[in-house]
Amino acid sequence: MYMVESKAGAIACMMLSLFFLGTFPALLTLVERRGRLPQHTYLDYSITNFLAAVIIALTLGEIGKSSQDSPNFIQQLSQDNLPSVMFAMAGGVALSIGNLLAQYAWAFVGLSVTKVISCSIVVVIGTTVNYFLDNKINKAEILFPGVACFLVAAFLGSVVHSSNMVDNKVKLKSSSADSEQSMETKTSLILNMVERTNLESAAYSSRKAKAGTADFLVQLENRRSIKVFGKSTLIGLCLTFFSGISISLFSPLFNLATNDQWHTLKEGVPHLTVYTAFFYLSASCFFIGVILNVVFFYRPMLNLPKTTFKEYLNDWNGRGWALLAGVLCGFGNGLEFMGGQAAGYAASASVQALPLVSTFWGIVLFGEYHRSSRKTYMLLVSTLVMFTVAVGALMASSGHRHRHRNQARTATF
């Protein structure tokens, strides 16, 4: 199997992972804003996400000679390593549920804020657990100040969201001719605009509104699949919180699967390689994603319309973007794990600075924060600066995991 052991290689791997994992949420958001049902999108995403893990395992996991102590991917499938396999698959369940919740949260609180809050939760919980699982190979005096920066960024992210919501209310208020209307009447007006006849809606949407305007917000609501007008943003914040909790568990579980800190394997049985563990994690992630989304076909969340498997097969609106999102997520997670095995999984949590990438796409692709107040802009910049400091601290805390001759270690970058 292919192995990269240098610290520089591990950091390069994390940076590439950062780009991939910051881009795939933007693609899923793009598809949802074009009106595709999230059940259809996540099913496509799950398929290519699993295929990415299979490709990695059958290529990098099969390079070089295989031995009993350092087996390649195919050989390891038949070894007695069930406890480690179960850890990897539990990580896949946590990751799948977390990503599924995040897909719905993006519609309510925006791509940028969702990733800021959820990723900060992931770092605070996941990094702390991984630091102790990795026998403190990371530099605590650098690592935990970085974690503190993520906590500050999470707080700033929630403030950014609140400020942006106030800005949006002002935009919608100014779009009304009667400035004395009550907020309840304005909300009803917006909902009535959303519920226009097809002819009126088409005529209204024919002129493309400028990003950040009240017309833009209403056109977006008309077009998207998850309707958010008239619903509490607390729903999105709760989804974001539980998404972060769930995703924070998958990295420590993967760490246990590849390094067996709890000594669950029989003596002489090599540890799972990163390729084998990632395969099992992705397999469980795939099956959970398929099962939940098929259930959501007939019992959808958030009052979404019901659908069928036939409708899913015939729905090609944005399918290419959804498939690409799965590929990016699959390779991004693989690179994160490979970097974590060399530099420590606590340091590899630096890829959770992906809101830096997601915010860029949110502004460029979706017009987030266009025409917002100066206060919102200052808060957004402060949040991103704090994330930059945090990711630098986590990368600087990187240690080096020593491999033992009797243990098969995972590939690293």
Side-chain angles (χ1 to χ4, degrees), residues 20-21 23-58 88-108 111 114 194-195 198 201 220-228 231 235-236 239 242-243 246-247 250 278-334:
F20 286 172
L21 294 179
T23 300
F24 93 86
L27 298 180
L28 296 182
T29 302
L30 175 66
V31 175
E32 185 274 324
R33 290 190 171 208
R34 290 183 175 180
R36 193 169 197 243
L37 291 176
Q39 305 98 303
H40 295 179
T41 299
Y42 200 82
L43 200 53
D44 286 336
Y45 154 86
S46 298
I47 293 170
T48 50
N49 183 58
F50 177 55
L51 288 177
V54 173
I55 291 171
I56 290 174
L58 293 177
M89 296 188 75
V93 172
L95 180 61
S96 183
I97 293 175
N99 282 338
L100 182 62
L101 292 175
Q103 182 184 214
Y104 289 88
W106 295 330
F108 284 89
L111 178 61
T114 300
V194 174
E195 295 171 358
N198 291 336
S201 180
L220 172 60
E221 181 73 3
N222 281 329
R223 188 171 60 247
R224 74 187 318 160
S225 60
I226 302 176
K227 306 301 182 183
V228 298
K231 296 180 181 177
I235 297 175
L239 290 172
F242 287 113
S243 170
S246 184
I247 295 175
F250 92 97
F278 185 42
F279 169 78
Y280 282 118
L281 178 144
S282 298
S284 65
C285 191
F286 170 73
F287 286 115
I288 290 296
V290 170
I291 292 170
L292 289 179
N293 277 280
V294 170
V295 171
F296 291 158
F297 277 9
Y298 307 99
R299 296 181 179 273
M301 294 175 60
L302 304 174
N303 296 319
L304 286 166
K306 294 182 179 180
T307 185
T308 64
F309 195 72
K310 181 179 180 180
E311 290 176 336
Y312 159 72
L313 293 176
N314 292 328
D315 182 8
W316 288 90
N317 175 30
R319 170 159 286 163
W321 293 117
L323 295 173
L324 177 59
V327 171
L328 292 177
C329 183
F331 280 99
N333 283 330

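Quick note: residue numbers are just sequence positions, from 1. Nothing here was measured: the structure is a model prediction, and the numbers come from that model.
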When you measure from the side chain of [X] to the backbone of [Y], do you find a donor-acceptor pair of N or O atoms at a distance under 3.5 Å?
X    : Y    : result
S282 : F279 : no
R36  : N317 : yes
R223 : R33  : yes
K306 : F296 : no
S46  : Y42  : yes

request  = Show the numbers, then the answer: is there a side chain to side chain contact (heavy atoms under 4.5 Å, CB included) between I226 and F108?
outcome  = CA-CA 9 Å; I226 302 176; F108 284 89; 4.1 Å; yes
Exercise: identify the closest heavy-atom pair between [X] and [Y]:
X    : Y    : result
L304 : P38  : CD1-CG, 3.5 Å
D44  : A322 : CB-CB, 3.8 Å
V228 : E221 : N-OE2, 2.9 Å
L37  : P305 : CD2-CG, 3.6 Å
W106 : T29  : CE3-OG1, 3.5 Å

Does [X], at its [atom1] atom, have more than 12 non-hydrogen atoms belonging to other residues, nucleotides or ligands within less than 6.0 Å?
X    : atom1 : result
F287 : CZ    : no
N303 : CG    : no
Y312 : OH    : yes

Nearest 0.5 Å, please: how far is [atom2] in [Y] from [atom1] in [X]?
X    : Y    : atom1 : atom2 : result
W321 : L328 : CH2   : CG    : 10.0 Å
L324 : L28  : CG    : CG    : 9.5 Å
S284 : F250 : OG    : CZ    : 11.5 Å
R319 : N314 : CZ    : CG    : 8.5 Å
R34  : T41  : CZ    : OG1   : 11.5 Å
N293 : H40  : CG    : NE2   : 9.5 Å

Distance-only check: which donor-acceptor pairs under 3.5 Å involve side-chain atoms of residues 88-105, not counting sequence neighbours?
| from | atom 1 | to | atom 2 | distance (Å) |
| --- | --- | --- | --- | --- |
| S96 | OG | C285 | O | 3.2 |
| S96 | OG | G289 | N | 3.4 |
| N99 | ND2 | Y45 | OH | 3.1 |

request  = May I ask you to decide whether E32 forms a salt bridge with R224, counting only side-chain N to carboxylate O separations under 4.0 Å?
outcome  =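 Salt bridge flag = yes for R224 with E32.
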Positive for ring-ring contact (aromatic ring centres under 6.0 Å, His included) with F50, one of F286, Y280, F278 =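 With F50 as partner, F286, Y280, F278 yield a single ring-ring contact (aromatic ring centres under 6.0 Å, His included), made by F286.
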